[in-house]
Amino acid sequence: MTSSSDRSHDVRSPKTYAIRTYGCQMNVHDSERLSGLLEDAGYVRAPKDADGADVVVFNTCAVRENADNRLYGNLGQLAPQKAARPGMQIAVGGCLAQKDRDTIVKKAPWVDVVFGTHNIGKLPVLLERARIQEEAQVEIAESLEAFPSTLPTRRESAYAAWVSISVGCNNTCTFCIVPALRGKEKDRRPGDILAEVEALVAEGVSEITLLGQNVNAYGSDIGDREAFSKLLRACGKIEGLERVRFTSPHPRDFTDDVIAAMAETPNVMPQLHMPLQSGSDRVLKAMRRSYRQERFLGIIEKVRAAMPDAAISTDIIVGFPGETEEDFEQTLHTVRESRFAQAFTFQYSKRPGTPAADMEGQIPKAVVQERYERLVALQEEISWEENKKQVGRTLEVMVAEGEGRKDDATHRLSGRAPDNRLVHFTRPEEPVRPGDMVTVDITYAAPHHLLAEGPVRSVRRTRAGDAWEKRNAAPEEKPKGVLLGLPTIGAPAPAPAPAAGCGCD
């Protein structure tokens with residue numbers, strides 16, 4: 001039993017919360033919903049420089065091998081802080097919570113709440129129950145209770161937003177534990193998705209990223225194989241929506257109608273994240289990936305024929321069980337042929353509960369490390385060569401918030417080009433806000449970013465910039481405080497550019 005209540009605590013004072021997010025874009029977007037739920041229940045986000053929050057939520061990932069150690073290490077660090085602060089609560093959710101369930105409370109008995117991927121909407125109720133009953137609450141739903149988009153959401157960005165179109169995955173990749181934790185694919189109705197997008201645009205959002213564990217399989221659950229391409233085209237008709245992206249697709253479901261929709265819909269950006277995982281047909285078969293090298297390269301060729309300026313990124317796993325030097329050379333060959341703008345590379349990580357964890361031929365760490373370094377060096381060279389092709393081009397860049405770590409020192413701003421390349425540019429004389437558009441000339445290329453060192457050609461102030469300015473100018477509302485009894489659950493409130501995939505698509 002964990003003591004998590006201080007009866008003398010003044011319930012009228014607002015409780016603060018902090019959320020620590022690990023893993024893929026799904027988790028990032030789920031954390032926005034967790035924030036929305038907590039704020040709807042009267043909590044207020046703890047300042048970044050605060051000593052500690054009243055409620056700390058870990059939104060976990062189970063993809064990487066060290067996920068467990070990382071979680072328990074962080075929980076261990078919080079144990080003395082919790083012991084010294086009566087009323088503090090700790091909650092653990094996400095994929096690792098779905099997988100480990102009761103194990104978390106056994107290993108870290110000071111945890112108050114454990115919830116899964118299917119019932120994030122229960123977090124405020126479980127926190128209140130743990131506070132009243134003074135014992136840990138573990139509730140893991142086996143299937144989705146309600147599509148997460150129905151939950152309140154505290155968007156991290158005023159000008160860009162994630163929009164989930166499906167949850168779960170029907171694939172059975174031997175290295176991936178995600179389908180077992182997030183369940184079979186469930187698709188949202190197209191009308192519901194478009195209504196959410198329109199509501200976001202009305203609030204000032206100008207860029208949306210359609211999100212799914214296997215985003216281009218959208219339609220399999222509703223019986224329409226062309227549903228994803230239709231959705232892209234429908235997004236193209238929404239006035240005020242300037243940029244549409246999506247992540248992450250699967251080569252198996254990447255059909256010609258999707259390529260056509262991308263090429264023919266002006267606000268769908270010339271950018272594609274397409275997980276390769278391996279270039280070896282033999283390894284792809286062992287991974288239970290339903291395509292081969294020729295099919296993958298064929299997709300790349302078709303995309304480039306339709307969109308010559310498209311930037312393509314990928315995920316690659318090095319050292320899958322049984323991978324030979326010849327297999328690895330096939331991956332290097334595929335990378336050379338594909339000319340990826342960027343690759344997110346992972347050393348194979350054995351995950352209990354996956355078929356690959358029990359396969360023979362587990363590769364020694366030293367061999368995996370050496371191959372990984374060769375792959376990274378090759379991709380670094382290709383990324384730099386591809387970025388150098390951008391020098392001399394004039395690009396319209398959406399100003400971002402906080403993407404350039406050295407911007408203050410260099411007196412530059414940063415943003416994203418249409419193909420999602422990161423651009424650092426000279427600060428213009430006139431005021432410019434995140435969400436606004438600037439037109440710049442690219443003067444220099446590095447492997448992971450572009451520079452526009454000359455004066456900005458033009459600044460286009462946007463509704464998205466207005467939305468950012470309004471959000472940052474508005475005084476914080478005084479929270480009502482957390483009242484005893486069931487927290488209130490409100491209606492959804494109407495997010496950042498795509499990040500690296502988790503390697504499970």
Side-chain angles (χ1 to χ4, degrees), residues 1-7 9 15-23 26-28 30-31 33-35 37-39 41-46 50-142 145 151 177 180-182 351-353 482 484 486-487:
M1 180 179 290
T2 57
S3 177
S4 56
S5 176
D6 178 10
R7 294 299 183 189
H9 182 77
K15 286 183 176 289
T16 60
Y17 76 91
I19 298 177
R20 303 184 185 181
T21 307
Y22 306 94
M26 284 288 189
N27 273 17
V28 173
D30 281 349
S31 289
R33 295 185 178 110
L34 292 171
S35 293
L37 283 160
L38 290 172
E39 294 192 5
Y43 296 81
V44 62
R45 177 179 286 193
D51 223 8
D54 296 310
V55 172
V56 178
V57 183
F58 291 88
N59 191 5
T60 64
C61 172
V63 171
R64 309 308 298 159
E65 188 172 16
N66 67 352
D68 310 58
N69 295 336
R70 190 175 187 184
L71 171 65
Y72 293 116
N74 286 326
L75 290 175
Q77 290 175 1
L78 282 183
Q81 184 178 333
K82 186 173 190 293
R85 291 189 59 184
M88 180 181 176
Q89 291 185 293
I90 299 172
V92 179
C95 288
L96 196 61
Q98 187 80 19
K99 180 174 78 74
D100 284 0
R101 305 174 181 233
D102 296 322
T103 306
I104 293 173
V105 173
K106 289 176 183 175
K107 289 186 176 181
W110 54 93
V111 168
D112 299 274
V113 170
V114 179
F115 61 101
T117 58
H118 298 308
N119 62 331
I120 63 174
K122 290 288 186 68
L123 176 60
V125 174
L126 294 172
L127 286 168
E128 192 70 12
R129 195 184 299 163
R131 185 178 294 118
I132 293 170
Q133 297 182 8
E134 298 188 326
E135 65 179 7
Q137 301 296 309
V138 179
E139 188 169 306
I140 307 290
E142 296 301 331
E145 294 183 344
L151 301 175
I177 197 168
L181 303 178
R182 287 196 175 266
R351 302 307 293 138
V482 180
L484 295 177
L486 289 181

Over all heavy atoms of both residues, which pair between [X] and [Y] is shortest? Give the atoms and the distance, please.
| X | Y | value |
| --- | --- | --- |
| Ala130 | Val113 | CB-CG2, 4.1 Å |
| Leu96 | Cys61 | CB-O, 4.0 Å |
| Asp100 | Ile104 | CB-CG1, 4.0 Å |
| Val114 | Ala97 | CG1-CB, 3.9 Å |

Chi angles and distances behind the side-chain contact (heavy atoms from CB on, under 4.5 Å) call for Phe58, Leu75 | CA-CA 9 Å; Phe58 291 88; Leu75 290 175; 3.6 Å; yes

Asp54 and salt bridge (Lys or Arg N to Asp or Glu O under 4.0 Å): which partner among Arg45, Lys15, Arg85?
-> Arg85

For the pair Leu78 and Met88, evaluate side-chain contact (heavy atoms from CB on, under 4.5 Å) and give the outcome as yes or no after the intermediate values.
-> CA-CA 10 Å; Leu78 282 183; Met88 180 181 176; 4.2 Å; yes

Does Ser31 have any side-chain hydrogen bond (donor to acceptor under 3.5 Å, both in side chains) partners at least two apart in sequence or in another chain, and if so, which?
-> Thr21, Asn59

Taking it one step at a time, do Trp110 and Ile90 satisfy side-chain contact (heavy atoms from CB on, under 4.5 Å)?
-> CA-CA 8 Å; Trp110 54 93; Ile90 299 172; 3.8 Å; yes

Rounded distance (nearest 0.5 Å) linking atom [atom1] of [X] with atom [atom2] of [Y]:
| X | Y | atom1 | atom2 | result |
| --- | --- | --- | --- | --- |
| Thr60 | Lys99 | OG1 | NZ | 9.5 Å |
| Gln137 | Arg129 | CD | CZ | 5.5 Å |
| Glu128 | Ile132 | CD | CD1 | 4.5 Å |
| Leu38 | Leu123 | CG | CG | 5.0 Å |

Polar side-chain atom of [X] near backbone of [Y] as donor-acceptor pair, under 3.5 Å:
| X | Y | result |
| --- | --- | --- |
| Thr16 | Val44 | no |
| Asn119 | Glu139 | yes |
| Gln89 | Leu127 | yes |

Take Thr103 and Lys106 through the test side-chain contact (heavy atoms from CB on, under 4.5 Å) and record every step on the way to the result.
-> CA-CA 5 Å; Thr103 306; Lys106 289 176 183 175; 5.5 Å; no

Does a side-chain heavy-atom distance below 4.5 Å link Lys122 with Phe115?
-> no

Should Asp112 and Arg131 count as an ion pair when the cut-off is N to O under 4.0 Å?
-> no

